[in-house]
Amino acid sequence: MLKLYNTLTKQVEEFVPLNPQNVGMYICGPTVYDYFHIGNARTFIMADIIRRYLEYKGYNVKFVMNLTDIDDKIIKKSIEEKVPASDVAKKYSEAFFEDIKRLRIKPATIYPRATENIAEILSMIKALIDNGAAYNVDGNVFYNVSSFKQYGKLSGKRIDELEVGARVEVMEEKQNPLDFALWKKSKEGEPYWKSEWGNGRPGWHIECSAMSCKHLGETFDIHAGGNDLIFPHHENEIAQSEAATKKPFVKYWLHFGFLNINKEKMSKSLGNFFTARDVLAKYSAEAIRLFFSQAHYRGPVDFNNDLLDSAEKGLEKLKNLRSTIESAVNKNKSGGVDPGFNFQDFEKRFKDALDDDFNIPQAVAVIFDFVKEANRTISDKDNLQLNYYLALKDFLIKTADNVLGIISFEHKEMKSDSLLENELIKILIDVRLKAKNEKNFQLADDIRKKLESFGITLKDTKEGTEFFKRD
RNA sequence: GGCGGCGUUGCCAAGUGGUCCAAGGCGAAGGUCUGCAAAACCUUUAUUCGUCAGUUCGAAUCUGACCGCCGCCUCCA
């Protein structure tokens with residue numbers, strides 16, 4: 001039974017989807033005005049693992065991630081770069097898709113964009129006005145926060161306390177400083193869409209309400225995002241959606257902890273800003289995923305190169321076992337003994353960990369325990385049956401590959417090995433063997449060292465020399 | 001000022017009342033195997049969970065105080 005922490009109730013609750021088979025999940029995607037950063041990557045990866053785990057459990061997940069492709073930051077960039085806002089959005093949307101692919105993030109079921117859903121947005125704004133939750137002031141439409149009695153139920157904030165803070169933008173037109181824009185009147189030269197209130201563009205919060213409703217319905221199961229979105233973004237989404245539909249918006253709210261650099265918030269002004277691309281240039285997607293998987297999704301995480309190095313190193317254990325499995329499978333020997341390995345137990349521990357509010361670090365620990373146990377069995381007995389190796393592979397594909405995404409079997413297999421290259425390596429291995437037999441260890445070691453520098457590792461075993469290529 | 005989070009071994013980090021004298025990863029030390037390696041395996045590496053006081057038969061886990069760190073309250077994953 002899956003339990004998860006719900007920000008709305010501040011409690012760990014049993015997960016009961018609205019429909020027993022199908023789960024609707026929405027995550028706030030990027031504003032496409034720049035490359036996304038490593039903190040965004042954490043959110044996307046955590047959401048990805050949660051989604052994959054729900055699928056592992058047999059749910060049919062409809063996973064919706066929006067792209068905010070029109071907003072102030074995009075307009076600002078378009079002015080700076082003297083290109084249309086749509087070009088900025090196009091460029092960074094494409095970069096976004098490249099990056100998430102490299103991070104091995106499974107594509108969403110659908111990626112709705114704000115600019116492609118203006119009609120839905122307008123009709124929701126209209127419904128809000130009709131319901132007395134919004135008002136138009138000279139082409140700007142605002143949400144009337146005081147009209148929604150439950151405003152603050154997600155973030156635990158109270159309207160009267162917020163007003164005292166006096167840090168909210170002062171705008172003459174607003175009835176209440178906390179009211180937020182649903183529709184922004186366009187200024188000269190800005191992109192706009194026509195509406196009954198005049199030319200303008202949608203406010204930030206409304207697109208998520210409108211698009212989640214369109215694709216997941218008025219009430220859906222899971223809404224996720226970074227911690228900082230709790231207020232005001234998600235609070236506003238609730239206010240908009242529930243005032244428009246008069247129905248509960250979301251059943252479970254999931255929020256991810258922040259990524260810090262040396263305990264400080266990452267920001268461009270502090271100069272400690274890393275895009276996901278920067279990090280991918282130095283580290284593998286699997287290492288990045290493993291690194292994030294070793295901390296609980298709700299807590300903060302500190303990011304630096306040493307930690308990524310550790311993760312990359314830890315991955316070696318997994319990759320080495322993969323190599324062992326693959327060379328055993330390739331040999332395809334018949335006979336051998338069945339070590340009586342308890343796969344069910346590991347699978348149960350893996351499930352129990354993730355059922356407990358997605359305790360991904362615990363699930364990773366189970367994987368490493370599994371690796372150790374598998375290696376122990378292999379080093380104990382040298383005549384193991386093929387089925388055993390296939391079962392090891394099957395387990396790792398189901399868990400570490402398909403759910404966590406920290407190792408890939410498919411990728412390895414698809415890597416096109418040149419026949420010529422392999423034959424040449426075999427010749428070198430033969431030469432080295434002769435050298436070894438003649439006790440010419442210097443030559444033998446030299447060959448091994450040279451091959452190593454091309455990423456080819458030789459391993460002497462009882463059954464001869466094997467070689468592995470690093471990814 | 002309001003709301004929330006955090007402080008566990010050399011580093012990262014899970015655990016939130018007994019089965020924990022605390023998982024897993026990295027690092028370190030010794031050993032097995034090997035011509036030497038690599039990989040793997042074995043052993044060791046927190047009598048202790050920010051501090052103090054309390055509740056309890058029993059606490060890293062609950063309560064209180066204190067110290068330290070951080071986030072949100074404004075665009076932000």
Side-chain angles (χ1 to χ4, degrees), chain A residues 7 10 27-31 33 36-47 71-73 76 152 155-158 160-169 177-178 204 224-233 235 255-260 263-268 290-291 293-296 298-304 306-321 323-324 349 353 356 359-372 374-380 436-437 439-442 444-445 448-449 452 457-462 465-466 468:
Chain A
T7 311
K10 299 191 175 31
I27 169 168
C28 294
T31 298
Y33 74 108
F36 69 85
H37 56 69
I38 190 66
N40 294 301
R42 182 191 190 197
T43 294
F44 299 156
I45 289 170
M46 289 295 107
D71 91 321
D72 293 349
K73 292 192 292 282
K76 185 168 169 244
S155 58
K157 297 186 189 307
R158 294 178 36 186
D160 45 344
E161 281 164 357
L162 284 165
E163 288 178 59
V164 177
R167 289 179 75 183
V168 279
E169 182 187 7
L178 287 167
W204 175 39
N227 237 325
D228 57 333
L229 294 184
I230 295 173
F231 190 88
H233 187 235
E235 194 69 64
H255 290 95
F256 306 112
F258 248 59
L259 176 144
N260 298 313
K263 312 247 159 152
E264 276 182 314
K265 186 171 170 173
M266 180 169 67
S267 77
K268 284 184 178 168
L290 175 62
F291 168 68
S293 296
Q294 284 178 308
H296 192 89
R298 278 192 277 128
V301 91
D302 209 50
F303 179 88
N304 65 52
D306 288 348
L307 297 171
L308 261 283
D309 286 336
S310 297
E312 200 79 78
K313 198 78 217 314
L315 221 49
E316 294 282 321
K317 269 205 166 82
L318 228 41
K319 291 199 234 168
N320 288 332
L321 177 60
S323 299
T324 306
R349 288 172 56 201
D356 180 18
N359 191 333
I360 301 169
Q362 190 62 51
V364 170
V366 173
I367 297 298
F368 278 102
D369 280 345
F370 175 88
V371 170
K372 182 153 213 148
N375 279 327
R376 189 180 295 149
T377 308
I378 291 165
S379 71
D380 270 5
K436 273 176 59 171
N437 290 339
K439 302 250 185 271
N440 185 352
F441 295 119
Q442 198 167 353
D445 290 349
R448 185 169 60 198
K449 231 178 268 170
E452 184 66 50
T457 303
L458 297 190
K459 184 175 157 191
D460 293 330
T461 72
K462 282 174 199 153
T465 303
E466 294 177 0
F468 302 100

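Keep in mind the model is a prediction, meaning the values are calculated, not measured. Naming: A, B, ... by sequence-line order, numbering from 1 per chain. Quick note: numbers below take in every heavy atom, side chains included, and nothing from hydrogens, waters or symmetry partners.
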State whether A:K372 places a side-chain N or O below 4.0 Å from either non-bridging phosphate oxygen (OP1 or OP2) of B:C42.
yes

A:H296: partners by ring pair (Phe, Tyr, Trp, His ring centres under 6.0 Å), with sequence neighbours left out
none

What contact category does A:F441 fall into here, base, sugar-phosphate, or nothing, at under 4.0 angstrom with non-hydrogen atoms?
base

Indicate, with a heavy-atom threshold strictly under 4.0 Å, whether A:G39 touches base, sugar-phosphate, or nothing.
base

Taking ring pair (Phe, Tyr, Trp, His ring centres under 6.0 Å) as the test, write out the residues that go with A:F256, two or more places apart.
A:Y297

Given that both distances must come in under 3.5 Å, which nucleotide forms a Watson-Crick or G-U wobble pair with B:C41?
B:G31

Interatomic distance, A:L315 CG vs B:A39 P [rounded to whole Å]
15 Å

Is the phosphate of B:C3 approached by A:R158 (side-chain N or O, under 4.0 Å from OP1 or OP2)?
no

A:D460 has an atom CG; how far is it from atom C1' of B:C36, in whole Å?
9 Å

Counting any heavy atom closer than 4.0 Å, what does A:L259 reach on the DNA or RNA strands: base, sugar-phosphate only, or nothing?
base

Heavy atoms under 4.0 Å is the rule here; annotate nucleotides 27-32 of chain B 5' to 3' with B where the base is hit, S where only the sugar-phosphate is, and - elsewhere.
S-----

Side chain to side chain donor-acceptor pair (under 3.5 Å), paired with A:H255, selected from A:T7, A:N227, A:T43, A:D228:
A:T7

For A:F36, enumerate each residue passing the ring pair (Phe, Tyr, Trp, His ring centres under 6.0 Å) test, keeping only those at least two apart in sequence or located in another chain.
A:F44, A:F96

Nearest-angstrom distance from the residue atom CE of A:M266 to P of B:C72:
13 Å

For the P atoms, the ones on B:G50 and on B:C6, what distance do you get once it is rounded to whole angstrom?
12 Å

Select base, sugar-phosphate, or nothing to describe what A:D445 touches, counting heavy atoms under 4.0 Å on all strands.
base

Are there more than 12 heavy atoms of other residues, nucleotides or ligands under 6.0 Å from atom NZ of A:K10?
yes

Between B:G35 and B:U9, how far apart are the two P atoms, rounded to whole Å?
43 Å

Touch class at under 4.0 angstrom, heavy-atom based, for A:N320 against every strand present
sugar-phosphate

Can you name the nearest heavy-atom pair linking A:G314 to A:L290, along with the distance?
C-CD2, 4.4 Å

Could you tell me how far B:A60 sits from B:G27 if I compare only their C1' atoms? Round to whole Å.
24 Å

Taking only the side-chain nitrogens and oxygens of A:K436, find out if one of them lies under 4.0 Å from OP1 or OP2 of B:U34.
no

What is the distance, rounded to the nearest whole Å, between atom CG of A:N304 and atom C1' of B:G25?
15 Å

Expressed in whole Å, how much space separates the P atoms belonging to B:G17 and B:A59?
14 Å

Which part of the nucleic acid, if any, lies within reach of A:L458 when heavy atoms closer than 4.0 Å are counted: base, sugar-phosphate only, or nothing?
base

Taking only residues two or more places apart in sequence, or in another chain, which ones meet A:K459 in a salt bridge (Lys or Arg N to Asp or Glu O under 4.0 Å)?
none

Short N-O contact, A:K372 and A:D369, less than 4.0 angstrom:
no

Strictly by Watson-Crick or wobble contacts shorter than 3.5 Å, is anything paired with B:U63, and which nucleotide is it?
B:A53

Specify the residue among A:K10 and A:S379 whose closest nucleotide of RNA chain B lies further upstream toward the 5′ end.
A:K10

Does any N or O donor sit under 3.5 Å from an N or O acceptor when you compare the side chain of A:R448 with the base of B:A37?
yes

Could you work out the separation of B:A38 and B:A22 based on their C1' atoms and round it to a whole Å?
33 Å

Rounded distance in Å between the C1' positions of B:A40 and B:G4
46 Å

Here's a test of your reading of the structure: between A:K459 and A:S155, which maps to the more 5' nucleotide of RNA chain B?
A:S155

At under 4.0 Å between heavy atoms, how does the protein contact nucleotides 11-23 of chain B? Give one character per nucleotide, 5' to 3', with B, S or -.
-SSSS-------B

Rounded to whole angstrom, note down the P distance from B:C11 over to B:A53.
26 Å

Could you state the atom-to-atom distance from NZ of A:K319 to C1' of B:G25 in whole Å?
15 Å

Which part of the nucleic acid does A:K73 contact within heavy-atom distance under 4.0 Å: base, sugar-phosphate only, or nothing?
sugar-phosphate

Atom C1', compared across B:C21 and B:U45: separation rounded to whole Å
15 Å

